[in-house]
Amino acid sequence: METHQAKRVEIIIEAPLERRLTETLVKEGVTGFTVLPVLGGSGRSGQWSRDGQVSLASGMVAVVCLIRPDRLDALLESAFAVVERHIGVVSITDAEVLRAERF
Amino acid sequence: METHQAKRVEIIIEAPLERRLTETLVKEGVTGFTVLPVLGGSGRSGQWSRDGQVSLASGMVAVVCLIRPDRLDALLESAFAVVERHIGVVSITDAEVLRAERF
Amino acid sequence: METHQAKRVEIIIEAPLERRLTETLVKEGVTGFTVLPVLGGSGRSGQWSRDGQVSLASGMVAVVCLIRPDRLDALLESAFAVVERHIGVVSITDAEVLRAERF
Amino acid sequence: MDTLALAINNLISPIILSFVLGLCAALARSDLTIPEAVAKGMSIYLLFAIGFKGGAGVAAHGVDGTLIATIFAGIILSFALPFIAFALLRVMTPFDTINSAAVAAHYGSISIVTFVAATSVLEGQGLDPEGYMVAVAAVMEAPAILSALWLVSRSGGTTTASSGLYREIMLNGSIVLLVGSFLIGMITGEKGLNQIAPFIIAPFQGVLCLFLLDMGLVAGRGLRETRGDLGLGAIGFGILMPLIGSIIGLAAGLLIGLSSGGVALLMTLSASASYIAVPAAMRVALPEARPSIYLTLSLGVTFPFNLTIGIPLYASLAATFTGG
Amino acid sequence: MDTLALAINNLISPIILSFVLGLCAALARSDLTIPEAVAKGMSIYLLFAIGFKGGAGVAAHGVDGTLIATIFAGIILSFALPFIAFALLRVMTPFDTINSAAVAAHYGSISIVTFVAATSVLEGQGLDPEGYMVAVAAVMEAPAILSALWLVSRSGGTTTASSGLYREIMLNGSIVLLVGSFLIGMITGEKGLNQIAPFIIAPFQGVLCLFLLDMGLVAGRGLRETRGDLGLGAIGFGILMPLIGSIIGLAAGLLIGLSSGGVALLMTLSASASYIAVPAAMRVALPEARPSIYLTLSLGVTFPFNLTIGIPLYASLAATFTGG
Amino acid sequence: MDTLALAINNLISPIILSFVLGLCAALARSDLTIPEAVAKGMSIYLLFAIGFKGGAGVAAHGVDGTLIATIFAGIILSFALPFIAFALLRVMTPFDTINSAAVAAHYGSISIVTFVAATSVLEGQGLDPEGYMVAVAAVMEAPAILSALWLVSRSGGTTTASSGLYREIMLNGSIVLLVGSFLIGMITGEKGLNQIAPFIIAPFQGVLCLFLLDMGLVAGRGLRETRGDLGLGAIGFGILMPLIGSIIGLAAGLLIGLSSGGVALLMTLSASASYIAVPAAMRVALPEARPSIYLTLSLGVTFPFNLTIGIPLYASLAATFTGG
Ligand SMILES: Nc1ncnc2c1ncn2[C@@H]1O[C@H](COP(=O)(O)O)[C@@H](O)[C@H]1O
Ligand SMILES: Nc1ncnc2c1ncn2[C@@H]1O[C@H](COP(=O)(O)O)[C@@H](O)[C@H]1O
Ligand SMILES: Nc1ncnc2c1ncn2[C@@H]1O[C@H](COP(=O)(O)O)[C@@H](O)[C@H]1O
Ligand code: NA
Ligand code: NA
Ligand code: NA
């Protein structure tokens with residue numbers, strides 16, 4: 001089937017910042033993304049697990065964003081502005097998508 | 001370690017269609033896939049969040065499918081038949097897998 | 001923006017083995033990973049769904065690990081040692097990351 | 001005036017105010033949310049409790065002759081109401097066939113929470129409706145969907161309804177649970193009810209409050225996100241349709257000769273709009289229909305209307321006409 | 001006949017019928033599901049409540065001399081039963097050593113829900129078993145696993161049991177919660193119980209219904225997906241083994257001189273098969289063993305058998321032999 | 001001595017022991033966990049119940065003149081306490097400005113569970129505190145955050161606090177739910193309370209037990225993972241600060257002329273440290289502050305201290321000074 005080049009950006013970020021990140025994305029015109037739950041993880045700021053968390057203070061989410069390659073930089077700039085001073089990681093992989101008109 | 005070429009297909013689709021999609025995959029002989037929960041997202045049909053959803057009507061799931069490259073098209077055809085008229089996105093990335101005999 | 005080569009390793013493994021896997025990763029010096037929940041899936045050992053599971057015996061999780069390419073083999077070796085005799089899959093994709101210093 | 005008194009009295013109940021709280025919190029963009037699993041857990045509790053109580057009621061009072069008649073009436077109402085709704089929508093709103101049919105399906109089907117709220121209002125007034133009204137609620141869930149699909153195909157639209165769909169609708173979790181617990185209640189009767197009363201009766205009202213808090217949150221978020229989509233016509237429909245439905249339900253209930261409480265419940269069922277079984281079916285069968293339209297109308301307009309004004313109105317009309 | 005009456009009476013209880021409802025819903029492929037979080041929440045509630053009540057019971061009646069003896073009996077039974085189960089499996093089924101050992105582990109261990117169901121049946125009969133039977137249930141969870149691993153390594157099979165595994169088994173969440181709440185109940189006694197009785201006693205039966213509804217759903221889905229895997233021999237084992245286990249439990253109970261209710265519970269524990277602690281341990285220690293075999297046998301065959309026929313049978317046998 | 005007796009008596013309550021159980025289970029690395037959704041569900045229940053009861057209390061006893069004064073006192077305490085905490089931290093610990101300010105914010109704000117536990121202890125003593133103390137708890141949640149941010153910017157640090165942040169803090173789910181249910185309780189009063197009492201009063205203590213079990217698990221895991229991060233100085237602060245806070249709260253309460261129970265609650269609020277609203281705000285506004293420091297201090301040191309020693313101490317001091 002006909003597919004189209006795209007980038008898959010995966011941003012793992014603290015739950016309290018989710019709204020900020022998605023709002024920034026929307027402001028940048030990135031209107032397509034998916035938020036996945038994260039059970040736990042480990043990084044420079046230590047290990048954590050969501051189960052039994054009283055607060056979501058230390059919870060995280062994964063925001064996946066499929067985007068046209070030419071719009072990648074704009075997205076990274078704006079995403080980074082949010083993530084910069086915070087815990088979290090950003091990764092990019094090459095991908096192909098069906099129905100390019102959607103991206 | 002020895003790894004083998006594969007494709008990673010990620011299908012984000014409405015929850016009510018999950019069963020249809022997986023049944024189609026199985027019918028196509030694609031017996032390996034994993035279903036991940038989705039918290040929320042945004043697309044052409046607007047933004048939504050799962051938390052507090054009374055119904056799953058507007059919920060979504062992510063179906064991840066690792067498959068031998070030569071079987072990709074068959075999978076996309078059948079997946080697309082389900083997704084076509086529905087909300088959702090399909091992305092493909094190149095991947096490598098251990099234990100090819102499983103795919 | 002400046003990005004750096006990395007590998008994205010995705011390990012789908014049985015929940016009861018999660019602790020073993022992450023402990024092995026940490027022992028190998030892989031201190032960065034994220035654990036995502038899995039709703040269900042299908043493989044050679046049949047289809048399963050998490051909803052309504054009394055026990056997690058047959059539940060699974062997805063462990064995502066972004067790592068410097070040169071450290072990939074060490075990770076795969078140790079991960080495989082855990083996964084080997086168990087149900088589950090390991091896939092690797094090329095990725096780029098921001099803030100390489102973190103990996 | 002009695003109705004007004006009832007309405008006021010109804011409005012300042014913890015149940016309504018919890019819904020209002022949720023609505024306000026969502027409109028104010030508070031991050032208050034009830035986890036999906038908890039919301040689903042509460043709806044399972046409510047379905048189980050209401051079904052069981054209904055069944056135990058039937059076991060206690062015996063199946064009076066009107067049971068069959070009422071079940072039939074329910075099925076017919078569910079089949080028929082979508083046609084009225086569809087006609088109204090084509091006149092009052094700019095929606096195309098598909099969206100109109102999808103909305104119509106919701107109004108032919110029922111909202112179990114509205115039913116539950118009505119039951120507790122009626123019990124508050126010392127009425128106790130026929131227990132089998134629960135069974136009537138169950139049978140009214142699905143038929144409206146078929147009418148809607150027929151409306152679409154008749155006007156040349158194509159649906160993606162597969163054979164599997166009908167089985168799915170019939171075996172929809174909420175229908176199975178409602179009918180199943182109804183049967184359990186009927187079989188175990190008084191004795192069974194006493195065993196689990198401290199679970200299904202005592203805390204019922206309280207759980208209902210938290211559930212309505214969540215409904216308020218969801219309705220509020222829906223309203224906020226889809227402000228644009230609904231014109232005045234659509235909103236008018238969301239208030240007019242339940243009134244029409246309730247009148248038809250009233251007629252049916254009087255014809256059958258239900259008790260005052262039973263009539264009020266049949267009116268409520270006819271007036272209420274689905275937001276669980278039908279939306280899921282629409283996503284599968286009419287994917288082009290926009291959820292933001294039918295969910296907002298059903299959850300954001302008709303549900304609050306029934307909860308606040310509708311139920312007390314139906315109750316007093318039923319009382320008047322049954323002379324009860 | 002008394003047992004039969006009991007059985008019938010037991011069968012038409014809300015608890016059993018809820019299980020049946022779940023079973024039917026799953027077999028009919030309904031999409032009814034109880035969210036995992038809610039199911040886990042309910043099992044935490046049940047463990048906490050049953051443990052606390054047991055402890056408070058001990059605080060009330062004091063620790064009679066048979067406590068130690070019963071604990072020991074429990075440990076020995078859990079160690080011994082897998083050997084009998086293993087022998088039976090090799091004869092009755094085509095399963096290899098590893099699968100046989102894995103299944104055997106489940107039957108040496110216990111099912112806490114079966115224990116809870118038995119307790120409420122006995123209380124329904126006005127018996128009140130020794131409170132410390134809860135502690136006996138706790139100590140019976142783990143030993144069977146060691147026997148199974150020994151059976152495998154003896155016959156040259158390799159296990160992936162690490163040193164960590166044993167700690168994990170002992171500190172398994174359900175064991176810790178059961179023992180912990182038992183101690184809390186013992187320490188706070190009557191006073192503590194009164195404080196939280198409206199939470200752990202009043203709604204208990206009702207929560208148990210919803211939990212068994214979920215068990216039925218899970219058992220039903222398991223049966224549907226693994227139809228092929230179980231031959232008649234295996235199913236026969238799933239019914240024969242609990243009977244043998246219960247007889248041995250009966251003997252032990254009589255030897256120790258437990259009350260009629262205590263004997264019935266010891267029989268139930270011996271007859272029941274684990275589906276939480278052991279399956280998880282098997283995935284870690286015997287990954288080659290197939291979950292579809294041991295889960296289906298334990299959840300799909302033995303659990304329903306004990307729930308419907310076993311418990312009333314054990315209760316009446318215990319009553320007969322203790323002359324109680 | 002009375003206080004000691006109270007303390008012992010307090011220590012062997014199911015509530016405390018459940019917390020201890022969770023703590024031990026976590027430290028022993030048991031895999032016992034309460035699903036996040038269930039924990040959130042329980043906290044929603046507790047907030048709703050405590051808010052509603054407070055409101056109904058006000059409806060019953062009427063708003064006495066001290067209401068306004070107490071609300072103001074609460075706001076001022078929440079603004080002021082962080083400065084004291086900050087000064088102490090700079091002296092007692094090696095933490096930098098940002099971490100000290102973040103910790104200070106937690107101690108100016110409040111822990112609602114500590115408040116709930118104190119309420120049930122006081123009710124156990126037959127005292128019934130002013131219902132509006134719930135409203136005081138609500139207003140004390142946020143101001144401390146502003147003080148902390150001011151402390152940071154004053155000392156040249158930069159915060160990422162956006163305008164949106166303040167709205168978020170004010171509309172934080174727990175504040176909205178607490179205030180909302182308080183208003184519902186006030187509006188529906190006695191009548192409303194009776195309707196849902198079997199839900200919000202009867203099982204309250206029991207739910208609190210399971211919730212504290214979870215708190216113990218979380219606190220224990222926190223302590224295990226961050227052993228290194230806290231020096232003796234920090235731990236000392238975690239015990240000294242609540243004492244100082246409670247004294248200031250005592251003074252304020254006496255000045256206003258609250259009842260013995262009311263004074264005890266104001267002391268508890270001043271002594272308690274937030275672990276929900278503030279941590280989330282800190283992640284947004286002071287991302288460089290380390291959660292392992294403030295969460296461990298608040299949850300792992302101060303919360304247990306207040307729960308075990310603090311509350312009975314504050315209660316008896318309040319009783320002594322109010323001569324109640
Ligand atoms: N290398 C990595 N691969 C995958 N996820 C990571 C990695 N590093 C960090 N994370 C995730 O990001 C969170 C915060 O990381 P950090 O900022 O390093 O503490 C961790 O809890 C993980 O969930
Ligand atoms: N570009 C994208 N990247 C990631 N997820 C997307 C994207 N576009 C849509 N989605 C997901 O697919 C769902 C439906 O998209 P749509 O059909 O465009 O409304 C959204 O709610 C998202 O969860
Ligand atoms: N090809 C695949 N693509 C994605 N996930 C898979 C695949 N094969 C197996 N899995 C996942 O791994 C689990 C166990 O697989 P298996 O060991 O083949 O039974 C399945 O339940 C799926 O969740
Ligand atoms: Na209707
Ligand atoms: Na056993
Ligand atoms: Na404070």
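The sequence lines fix the lettering, A, B, ..., with proteins before strands; numbering per chain opens at 1.
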Contacts of Thr31(C) meeting side chain to side chain donor-acceptor pair (under 3.5 Å) (sequence neighbours excluded), chain-then-number -> none
Given side chains that start at C-beta, do those of Val61(B) and Leu39(C) come closer than 4.5 Å, heavy atoms only?
-> yes
Hey, which residues of residues 72-81 of chain C are touching chain B, say heavy atoms under 4.5 Å apart?
-> Asp73(C), Leu76(C), Glu77(C), Phe80(C)
For Val63(B), is it the side chain, the backbone, both or neither that has a heavy atom under 4.5 Å from a heavy atom of chain C?
-> neither
Could you list the residues that satisfy salt bridge (Lys or Arg N to Asp or Glu O under 4.0 Å) with Glu28(B), not counting sequence neighbours?
-> none
Quick one: list whatever passes salt bridge (Lys or Arg N to Asp or Glu O under 4.0 Å) with Glu10(C), sequence neighbours left out.
-> Arg8(B), Arg8(C)
Of all heavy-atom pairs between Pro37(B) and Pro37(C), which one has the smallest distance, and what is that distance?
-> CD-O, 3.4 Å
What part of Thr93(B) is in contact with chain C, defined as an atom under 4.5 angstrom from a non-hydrogen atom: side chain, backbone, both or neither?
-> side chain
Val97(B) to Ser91(C) - nearest heavy-atom pair and separation = CG1-CB, 4.0 Å
Segment of Leu66(B) engaging chain C (4.5 angstrom heavy-atom cut-off) | side chain
What distance do Leu98(B) atom CG and Ile92(C) atom CD1 have between them, rounded to the nearest 0.5 Å?
-> 5.0 Å
For Val83(C), is it the side chain, the backbone, both or neither that has a heavy atom under 4.5 Å from a heavy atom of chain B?
-> both
